[in-house]
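Take a look at the structure set out below.
As the structure lists them, so they are numbered: ligands from 1, and atoms in each ligand from 1. Only heavy atoms go into these numbers, but all of them, side chains included; no hydrogens, no water, no symmetry mates. Numbers here simply count residues along the sequence, with the first being 1.
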Amino acid sequence: MPELPEVETVVRQLRPKISGQRIKKVIIIDRKLGSASRYSTITNKKIRTVARRGKYIIIRLNDDVRLIIHLRMTGQLLWQGNSAQADKYTRVILRLSPRAYLLLNDLRRFATFTITKTPLNLGIEPLTAAFNSKHLGNILAGSKRAIKDFLLDQKKIAGIGNIYASEILFAGRIHPRRISSSLKPAEMLKLTAETKRILKLAIKHQGTTISDFADTNKKKGNFQRLIKVYDKEGQPCPCCRTEIRKIKQQGRSTYFCPHCQH
Ligand SMILES: [Zn+2]
């Protein structure tokens with residue numbers, strides 16, 4: 001699933017290409033998204049800018065209308081300059097003016113495409129200055145949940161998913177099953193610093209492609225080469241050579257080094 005770095009990659013590519021353009025036509029191919037008339041309100045609206053919040057892509061239109069896209073498992077937002085090259089996975093086509101097309105492709109059809117005026121109710125953005133060890137201490141206080149589950153809670157911290165949660169905890173040397181409120185100040189300091197470092201590094205490498213992620217030009221990310229533990233069960237830890245273990249937390253896989261993480 002695309003997480004903060006993958007969504008940020010998409011947003012940074014789209015922003016200069018579509019800001020200032022007008023949505024001339026919304027072509028809904030997948031009826032699961034509702035009828036075209038539902039989207040008639042955005043026709044002829046101008047795109048003011050493109051932003052990211054957590055794992056959401058927010059296309060801001062005039063009159064304070066937002067087109068909010070969540071790529072979920074396999075969604076891809078593709079930009080095409082001359083003509084729309086739809087395929088069997090294309091679910092929506094936006095025809096823009098001056099001539100360009102924005103396509104939402106999605107193999108598994110979980111991606112969402114909604115029009116709203118309501119801002120998203122999400123937790124803190126981890127790349128902002130406000131996300132520091134003091135803030136982390138405040139939101140972790142009293143929490144009996146495992147720290148891995150806490151990191152995935154979008155209402156607490158927005159944008160971290162399964163891949164980066166494992167990587168951040170490995171870098172922070174914190175065991176994924178640690179009770180959130182048991183983290184010491186030095187660990188919170190390390191955790192916030194590693195969260196920022198890893199997410200920024202992943203953005204620099206255009207995100208991670210384990211299975212489906214592609215950017216707006218259908219290119220894969222490059223951060224998978226730098227991954228230390230995610231999806232590496234049985235392989236040696238890059239620090240101590242102990243075998244990396246896989247456990248399930250809330251039904252999702254977590255990867256960690258039992259020697260390095262406490
Ligand atoms: Zn290790």
Who are the salt bridge (charged side-chain N to carboxylate O under 4.0 Å, His left out) partners of Arg52, not counting sequence neighbours?
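Salt bridge (charged side-chain N to carboxylate O under 4.0 Å, His left out) list for Arg52, sorted by chain: Glu8, Glu125.
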
Ion pair check, Lys117 and Asp64, cut-off under 4.0 Å:
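Not counted as a salt bridge, because no side-chain N and carboxylate O are separated by less than 4.0 Å.
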
SB check Asp153 Arg145 (cutoff 4.0 Å)
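Here Asp153 pairs with Arg145 in a salt bridge, since their nearest N and O are under 4.0 Å apart.
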
Those residues that, when tested against Arg15, pass side chain to side chain donor-acceptor pair (under 3.5 Å) (two or more places apart):
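Result, side chain to side chain donor-acceptor pair (under 3.5 Å) vs Arg15: none returned.
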
Please name all residues satisfying side chain to side chain donor-acceptor pair (under 3.5 Å) with Arg31, sequence neighbours left out, ordered by chain then number.
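Arg31 satisfies side chain to side chain donor-acceptor pair (under 3.5 Å) with no other residue.
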
Of the options Ile203, Ile163, Thr209, Ile198, which is the one that meets Phe223 in a side-chain contact (heavy atoms from CB on, under 4.5 Å)?
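It is Ile198; the other options fail the test.
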
So, with waters excluded, how many protein N/O/S atoms does the Zn ion (ligand 1) have closer than 2.8 Å?
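Protein heteroatoms (N, O, S) closer than 2.8 Å to the Zn ion (ligand 1) number 4.
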
